[in-house]
There are 2 protein chains.
Amino acid sequence: MKINKKANAEVKPDPRAPATKVTLAMVASACGVSSSTVSRILNGTAVVSPKKREAVDRAIAALGFTPNPVARGLAGGRTLSVGVVTQAIDSPFYGPALRGIEEELGNAGYSPLFVSGHWNSEEEQRCIDVLLSRRVDGLIILTGRLSDTALRNTAKSVPVVVTGRRLEAPGLYSLDFNNFQGAQLATHHLLSLGHRSIAFISGDPAHPDAHERLNGYRSALKAAGVPFNPALVLPGDYREHSGIEAVERLLDSRERFTAIFAANDQMAFGAALALYRRGLRVPDDVSLVGFDDLAAAVHSIPPLTSVHQGPSELGQLAATSLLNLLSGRVPTERLPEPRMVIRSSTRALPGP
Amino acid sequence: MKINKKANAEVKPDPRAPATKVTLAMVASACGVSSSTVSRILNGTAVVSPKKREAVDRAIAALGFTPNPVARGLAGGRTLSVGVVTQAIDSPFYGPALRGIEEELGNAGYSPLFVSGHWNSEEEQRCIDVLLSRRVDGLIILTGRLSDTALRNTAKSVPVVVTGRRLEAPGLYSLDFNNFQGAQLATHHLLSLGHRSIAFISGDPAHPDAHERLNGYRSALKAAGVPFNPALVLPGDYREHSGIEAVERLLDSRERFTAIFAANDQMAFGAALALYRRGLRVPDDVSLVGFDDLAAAVHSIPPLTSVHQGPSELGQLAATSLLNLLSGRVPTERLPEPRMVIRSSTRALPGP
DNA sequence: GGAGATTTCGAATCCGATTTTAAACGACAT
DNA sequence: ATGTCGTTTAAAATCGGATTCGAAATCTCC
């Protein structure tokens, strides 16, 4: 009995066998060449006689050999993985961007490593360090609060693509939305509908895009000859709840307004809810415009008019830019211009 | 000129220097011990005299040494990374789960590797193969459509935690929500509000939980002595649009109903929109209950009554279970019971 | 003080590739 | 036949640590 058991144990030396256990050395000896030859064939490096190449290819297929990325990473310095620093893995805006990145990178044989910085520059730096220690071949940084200097510095060790800012540096490529123009568009849309008292719920002032959006709003107002009324600008932090609070504050201030432009959709949703609670109808009593065109904007009540930014394109473009950087090319990707998506949350102001 | 260039190249042998370039061998020689000693101190393996340990610790700190996870993975077989197979990186339900996983794993020094299977068993299997080839130490599989057999098989090579099903196997731990009970709860809630004609929008029949939810609905109906009316069950696929279609079909069928229970929140949002378009008010004309309690349920109009499932707890528990598995312990984690979160989309049916 | 038992370390091996170095081979000219 | 220049290809070094094994150092007890 005992002996039997032992024999049994010897039959399966490694309980975790089913996975790729075939090594380069095995295929090498299988077809009587050296491991370096197999390696070179695998990487397309150097020349090999067609006869051997074929034999090796056949052996690889026969044994079902897959090169071990870990060993490859150690020896070759390339891990075929790229680090992606996002702010929250479950962000409704960046989620689709991650998806775009995953897709684009996957097609090129790279694997993304997602980590979250939670809008905290120190944490972002930690994330980058972790990623770097894992020897990623490149880095995609979705916005965040890292300093330009820190970014430039990181770009010295590894190619970097960063979004949400405009920055020039060696080994660095930046991709930025035109927030200013987007906000102009949104404001202009309301203006063209006859609205003159347009409240603005601003984003988190710690984000540069919040300022740009505010400026776009002011610029459009100015272009239309509508005086800027500071009382109509409410502070927000890009989250739903701040949209609720902003509307409540606005309503309580008894300042007159016929439309609201929220600096992002999440706050617009909050605003819509606050209006609903106070018995105000969108768009009958108040027109509402958001920014970002989140997936949820389509199914909100009413469907939200918003400025489309296309996070998934952002992700794809960031990924292809990085891929270009990695293969030594100079990326030329540009983000599409923002555009209005008009749904049911805005309507023309009835004539006086 | 040529010579100058060459000299220049020799000055900066590695352009990507700033990142952790310190190796174990360097700290070893820095404090006059062998590299194996440093390694052993790092891993807590074996005993070392306090004097040396301290010296080494100091040297590590001084040089800012970080062990290279790639090399470590090769040598030790452990990569301190775990693969997470989700269905879509931007899923509103699984997003928070990923966040929970990231947090829990991060605390333990592990890095998650997220990949998406897109509800396709072949793709899921490919994801697992990629993950395995990257030598992850463990696997978390969020639901998905993989066969139990495939899962059991995977568990032979690496510890696995799977959600969304109940499955026993060596090296495998499963975590499942009680969908049946959740659906009972939701239905019971409507029943207790006086509703008798409750429509049910079912989930994608390819998911086992869709059946469980339907059964929960039927069970609650039966317990209350309300006859089951097949005409009130509408097919859905868990996406918003199917909620819209279901309500339109329901309305067109002229079947009487006072409440709708959607098998998930996304369909509930779609249903709410369809009702809104037809001029029906929630909850005044129709009460509406969802399932999952997505983050968006709080800010929808009206805020949606739903069955709370807690995806972030799911993620955390999956992660701690896996961590237990990895350290040889037997996980005992259990998911919390589903519970109703009553908001504003349901109301008592006025007496006849 | 010394034999035997421990504890503490260092050198050698290995993980699974990549890359460099150099030897073997072949064709062609001398 | 010998020598030379170019290809192929094999052997060896490397990447950065983990692990095993055995030797040296320290300790125990008689």
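Chain letters run A, B, ... following the sequence lines, proteins first, then strands; residues in each count from 1.
Contacts of Ser111(B) classified as side chain to side chain donor-acceptor pair (under 3.5 Å), with partners at least two apart in sequence or in another chain: Arg134(A).
When all heavy atoms of Glu168(A) and Arg152(A) are compared, the closest pair comes out as O-NE, 3.6 Å. Between Pro67(A) and Arg72(A), the shortest heavy-atom contact is CG-NH2, 3.0 Å. The minimum heavy-atom distance between Leu142(A) and Ala97(A), with the atom names listed, is CD1-CB, 4.4 Å.
Here Val33(B) lies in heavy-atom contact (under 4.0 Å) with sugar-phosphate atoms only. Residue Ser39(A) is in base contact, counting any heavy-atom pair closer than 4.0 Å across all strands shown. Base engagement by Ser36(B) is indicated by at least one non-hydrogen atom pair under 4.0 Å involving a base atom. Counting any heavy atom pair closer than 4.0 Å across all strands shown, Leu24(B) reaches sugar-phosphate atoms only and no base atom. Residue Thr23(A) is in sugar-phosphate contact alone, with no base atom involved, counting any heavy-atom pair closer than 4.0 Å across all strands shown.
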Side-chain polar contacts of residues 48-62 of chain A - donor-acceptor pairs under 3.5 angstrom, sequence neighbours left out - could you list them?
none

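Reading DNA chain D from its 5' end, the first and the last nucleotide to sit under 4.0 Å from a heavy atom of chain A are dT8(D) to dG16(D).
Set against dG10(C), dG16(C), dA17(C), the side chain of Ser34(B) has dG10(C) as its closest nucleotide.
Nucleotide dT18(C) holds its P atom 11 Å from the CG atom of Leu74(B), rounded to whole Å. Atom P of nucleotide dA11(C) and atom CZ of Arg40(B) are separated by 12 Å, given to the nearest angstrom. For the pair Arg72(B) CZ and dG16(C) P, the interatomic distance rounds to 18 Å; values are reported in whole Å. Taking atom CZ on Arg78(A) and atom P on dT18(C), their separation rounds to 10 Å, with Å as the unit. If you measure from atom CZ of Phe65(A) to atom P of dG16(C), you get 10 Å, rounded to the nearest angstrom.
Heavy-atom nearest nucleotides on DNA chain D were determined for Ser35(B) and for Ser35(A), and the one closer to the 5' end corresponds to Ser35(A).
A distance-only check finds a donor-acceptor pair linking the side chain of Thr163(A) to the backbone of Thr143(A) [under 3.5 Å].
If you check the side chains of Thr86(A) and Ser116(A), you find no donor sitting under 3.5 Å from an acceptor.
Distances shown here put every side-chain N or O of Asn68(A) at or beyond 4.0 Å from the OP1 or OP2 atom of dC15(C).
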